[in-house]
> 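Questions regarding the structure given below will be posed in turn.
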Amino acid sequence: PTLTMRLNGVGLRLRPQGFFQTNTAVTEGLYATAAAWVAEAGLPAAAWDLYCGVGGFAFHLARAGVRDVWGMESSAEAVAAARETAAELGLADRARFSAGDATSALSFEKRRAPEALSFEKRRPRPDAVVVNPPRRGIGAELADALEDSGVPTVLYSSCNPATLAQDLARMPSYRVTRVQVFDMFPQTRHAEVLTLLTRR
Ligand SMILES: C[S@@+](CC[C@H](N)C(=O)[O-])C[C@H]1O[C@@H](n2cnc3c(N)ncnc32)[C@H](O)[C@@H]1O
């Protein structure tokens with residue numbers, strides 16, 4: 001069973017094992033703001049959406065004009081849903097998705113041999129990376145890989161300010177240039193925080 005949820009006119013597919021942001025109206029604002037900030041920072045040719053779920057950030061970036069987006073997500077169901085959306089929007093060649101561990105996505109890039117797998121060969125290196133991890137944050141491996149990556153723009157969407165702060169402390173090459181709080185979980189003390197990081 002699949003439920004199509006329209007966010008800013010993008011039909012995202014909700015399936016039993018796929019994560020979906022809890023507050024649809026607030027999420028529309030989150031995705032639209034992320035796309036606007038990325039466009040303002042200088043529209044990248046290639047962007048990665050790590051912890052992409054069913055692809056909300058990826059599709060909004062593609063629609064804003066990012067030529068290639070690549071999403072990575074541990075739930076195979078969510079990846080299948082994102083691929084269906086890409087096909088429906090006619091974006092299958094610009095928005096691609098893989099199931100896997102996002103924490104090693106950039107370290108793998110560093111280690112890969114030139115003769116790596118065909119998809120990996122075609123996957124453009126990113127000029128912008130979106131990360132939207134669970135409460136535990138992105139952790140040391142991905143934070144260190146981003147720090148070393150040279151990627152000019154990172155968007156970090158976090159539901160836990162404590163792990164956001166920990167992760168940012170490991171990435172001193174980035175300056176926080178914009179922050180916005182989204183009231184994703186009204187009447188609780190929790191909120192979503194979107195942060196735009198620009199390489200110094
Ligand atoms: C906060 S949700 C964000 C999903 C998506 N960005 C969105 O806007 O709906 C975090 C996502 O990370 C996925 N996830 C958890 N650990 C992961 C890992 N190590 N690698 C890739 N994805 C992971 C979860 O399945 C979940 O879909």
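Computation of the quantities below employed the complete heavy-atom set of this structure, encompassing side-chain atoms and omitting hydrogens, waters and symmetry-equivalent molecules. Start at 1 and go down the list; that is how both ligands and their atoms are numbered. Note that the numbering runs from 1 along the sequence shown for the chain.
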> Only counting residues at least two apart or in another chain, list the ones meeting side-chain hydrogen bond (donor to acceptor under 3.5 Å, both in side chains) with Thr2.
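Scan of Thr2 (side-chain hydrogen bond (donor to acceptor under 3.5 Å, both in side chains), adjacent residues dropped) gives none.
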
> Could you pull out every protein residue that has a heavy atom closer than 4.0 Å to ligand 1, ordered by chain and then number?
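Only Phe19, Gln21, Tyr31, Tyr51, Cys52, Gly53, Phe57, Glu73, Ser74, Gly100, Asp101, Ala102, Asn132, Pro133, Pro134, Arg136 have heavy atoms that fall under 4.0 Å of ligand 1, ordered by chain and number.
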
> side-chain contact (heavy atoms from CB on, under 4.5 Å) with Thr27: which residues, sequence neighbours excluded?
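side-chain contact (heavy atoms from CB on, under 4.5 Å) check on Thr27 returns Leu7, Gln21, Tyr31, Met184.
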
> Residues two or more places apart in sequence or in another chain: which of them pass side-chain contact (heavy atoms from CB on, under 4.5 Å) with Ala95?
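Ala95 satisfies side-chain contact (heavy atoms from CB on, under 4.5 Å) with Phe59, Val69, Ala86, Leu91, Phe97 only.
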
> Distance from Asp148 atom CG to Leu106 atom CG, nearest 0.5 Å?
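Answer for the CG-CG pair, Asp148 versus Leu106, is 9.5 Å.
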
> Taking atom types as modelled, find out whether Ser158 and Asn160 have a side-chain donor-acceptor pair closer than 3.5 angstrom.
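Per modelled atom types, Ser158 and Asn160 side chains form no pair under 3.5 Å.
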
> Decide salt bridge (Lys or Arg N to Asp or Glu O under 4.0 Å) for Glu84 and Arg15; before the verdict, give the C-alpha distance in whole Å, the side-chain angles of both, and the deciding distance to 0.1 Å.
CA-CA 12 Å; Glu84 280 176 23; Arg15 288 199 192 183; 2.2 Å; yes

